[in-house]
Each structure stands twice: as C-alpha cells, then as structure tokens.
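Quantities reported herein were computed from a predicted structural model and do not represent experimental measurements. Sequence lines set the chain letters: A, B, ... in the order given, protein chains first and strands last, and positions in each chain run from 1.
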Amino acid sequence: MKALPRSWFTRSALKLAPKLLGKIVRRGSCAGIIVETEAYGTDPASHAFKITPRSAIMRDTYGHWYIYFTYGMHWCANITTDKNGIGAVLIRAVEPLAGLGTMKHRRKTQNVRNLCSGPAKFCEAFGITGALNGSPNGNGLTIYDAPEIAKSDIGISSRVGIKNGTNFPWRFYIKNNSFVSR
DNA sequence: TACTGGATTCACT
DNA sequence: GTGAATCCAGTAA
C-alpha cells in the first residue's frame, strides 16, 4: 500500500473530493475507507473565503492536514489541495477497517456504525487533534492509494446557501454505504 | 479587551 | 425536531 504523494493533491478540491472516496486513511493502529468527503474552495462557507492566519494553510500548501477546532468541543480534519489556488477537502465519514477496539474506546460506544460517521466522530475515533494541523500527508496521519470508486457509485449533494443563497459546498459519498453520515 | 458565532454531536421530547 | 454543550478564531472597538 502506497501513501498518496504530495503531487496527487495538486488539483482543485472539487476535482479531488470524489477521488478521495475509497482511499484508505490510517493513523497508528486505526484505519478505514473514506466514504464521504466535502470540497471547500473559495465559496462563502469556506474558511478560505477570507484568508486568515488560521486558513492560510489552504492557500499555502497542498497535501497537508488542516485541522481546526469548532463548537467548543469538536475537531475536523481536512487535506489541503490545489497547487496554484485555495482549497481543502473535509473528511466527513470513514468505514472502519482496523483498530476497532481503540475507536470504540475513544468514542465510548460499541456501535461500529457510529464510530466514524461524521467529521468530528472520525477525528475522535482516530485520536486526531490540532497537534496534527499543518503536517504533511504521511506524517502520523496518512491517506493511502486504493482503486477509484466508479462514477455511478458516487452520490453528490450541495447544500443551498445559508449565507449568500449560493450553492455550497459539494459533498461526495459512496452510494448505499451505511457508514455515510446524515 | 469584549463579543459573536461556528464545515457538530448528543440527549431529550 | 429542538436545544445544550463549550471554546477559540475572527472582528470590532
């Protein structure tokens, strides 16, 4: 199994978000299949809409982890993209493959479907915190290559703008996968 | 320095 | 379906 090289992340978030589906993410003994992603570019919902010290990593890097804290209690993990622009892909849901015992312990639940079926759940199950913010893919938290998911098996949805009435962002998920969030 | 609200989740009704 | 938990980045002063 080979880690996705930095060059893999040179394209835009919108292009890469569906291609990340089916890839393997691993941290320590925990691993899983990415089943849901969300693309963030310069839309009004994105932290990159206005570049600040926190979000500058989305402009300045690609193939690095952008991990931020929200709602006073949750971490969310993104992989930065777009060599010449601004973007990141949020990992929204993962199907657990290995390290189930550790995940159950961290998540305080025995329900496998509830371990990683949400962006903050995924971070908690994998023990991801801001300590990993800014680190490149492969340094503690790694996405490995895997066969692409067929286009016909990928679902797409966009939320209609809460902020500006625009459509944003783009959510991609593997159809009929019970580990996708809702 | 003070205030506001969020790329969420969970318990409860 | 609704509301609480909880803290930090961003913004305004």
- Tell me: NZ of A:Lys50 to C1' of C:dT11, nearest whole Å? 8 Å
- Task: Return the value, rounded to whole Å, for the distance between atom CZ of A:Phe49 and atom C1' of B:dG6.
- Result: 16 Å
- Task: Taking A:Asn137 for its side chain and A:Ile143 for its backbone only, find out whether a donor-acceptor pair lies under 3.5 Å.
- Result: yes
- When you compare B:dG5 with C:dG3, how far apart are their C1' atoms, in angstrom units rounded to a whole number? 16 Å
- Note on the structure: Paired to C:dA5 by Watson-Crick or G-U wobble criteria (both distances under 3.5 Å) is B:dT8
- Message: Are C:dA5 and A:Tyr71 stacked, with the base six-membered ring and the side-chain ring centres under 5.5 Å apart and planes under 30°?
- Response: no
- Flag if over 12 foreign heavy atoms under 6.0 Å of CG, A:Asn111: yes
- Message: Could you tell me how far B:dA2 sits from C:dT6 if I compare only their P atoms? Round to whole Å.
- Response: 23 Å
- Message: I need the NE2-P distance between A:His74 and C:dC8, as an integer number of Å.
- Response: 14 Å
- Query: side chain to side chain contact (heavy atoms under 4.5 Å, CB included) with A:Arg59: which of A:Thr42, A:Ile86, A:Thr80?
  - Reply: A:Ile86
- Message: Taking the side chain as everything from C-beta on, heavy atoms only, tell me whether A:Ser55 gets closer than 4.5 Å to A:Tyr66.
- Response: yes
- Item | A:Arg171 side-chain N/O to B:dA7 phosphate OP1/OP2 under 4.0 Å | no
- Note on the structure: Mate of B:dC3 across any strand shown (Watson-Crick or G-U wobble, both atom pairs under 3.5 Å) is C:dG10
- Do any side-chain nitrogens or oxygens of A:His47 fall under 4.0 Å of OP1 or OP2 in B:dA7? yes
- Spacing between A:Met73 atom CE and B:dA11 atom P, to the nearest angstrom: 12 Å
- hbond_proxy A:Tyr68 side chain to B:dA7 base (donor-acceptor, 3.5 Å cutoff): yes
- Interatomic distance where CD belongs to A:Glu124 and C1' belongs to B:dC10 [whole Å]: 11 Å
- Charged N-O contact under 4.0 Å between A:Glu124 and A:Arg107: yes
- Message: Without decimals, in angstroms, what is the distance between A:Asn133 CG and C:dC8 P?
- Response: 14 Å
- Query: From B:dA7, B:dC10, C:dA9, pick the nucleotide closest to the side chain of A:Arg54?
  - Reply: C:dA9
- Query: Rounded to whole angstroms, how far apart are CD1 on A:Ile91 and P on B:dT8?
  - Reply: 14 Å
- Out of B:dA7, B:dT9, B:dC10, which has the shortest distance to the side chain of A:Asn114? B:dC10
- Taking atom C1' of B:dT9 as reference, at what distance in whole Å does atom CZ of A:Phe122 sit? 16 Å
- Measure from the side-chain heavy atoms of A:Arg107 and tell me the nearest of B:dA7, B:dT9, B:dC10. B:dC10
- Message: Strictly below 4.0 Å: does A:Lys121 bring a side-chain N or O up to OP1 or OP2 of B:dC10?
- Response: yes
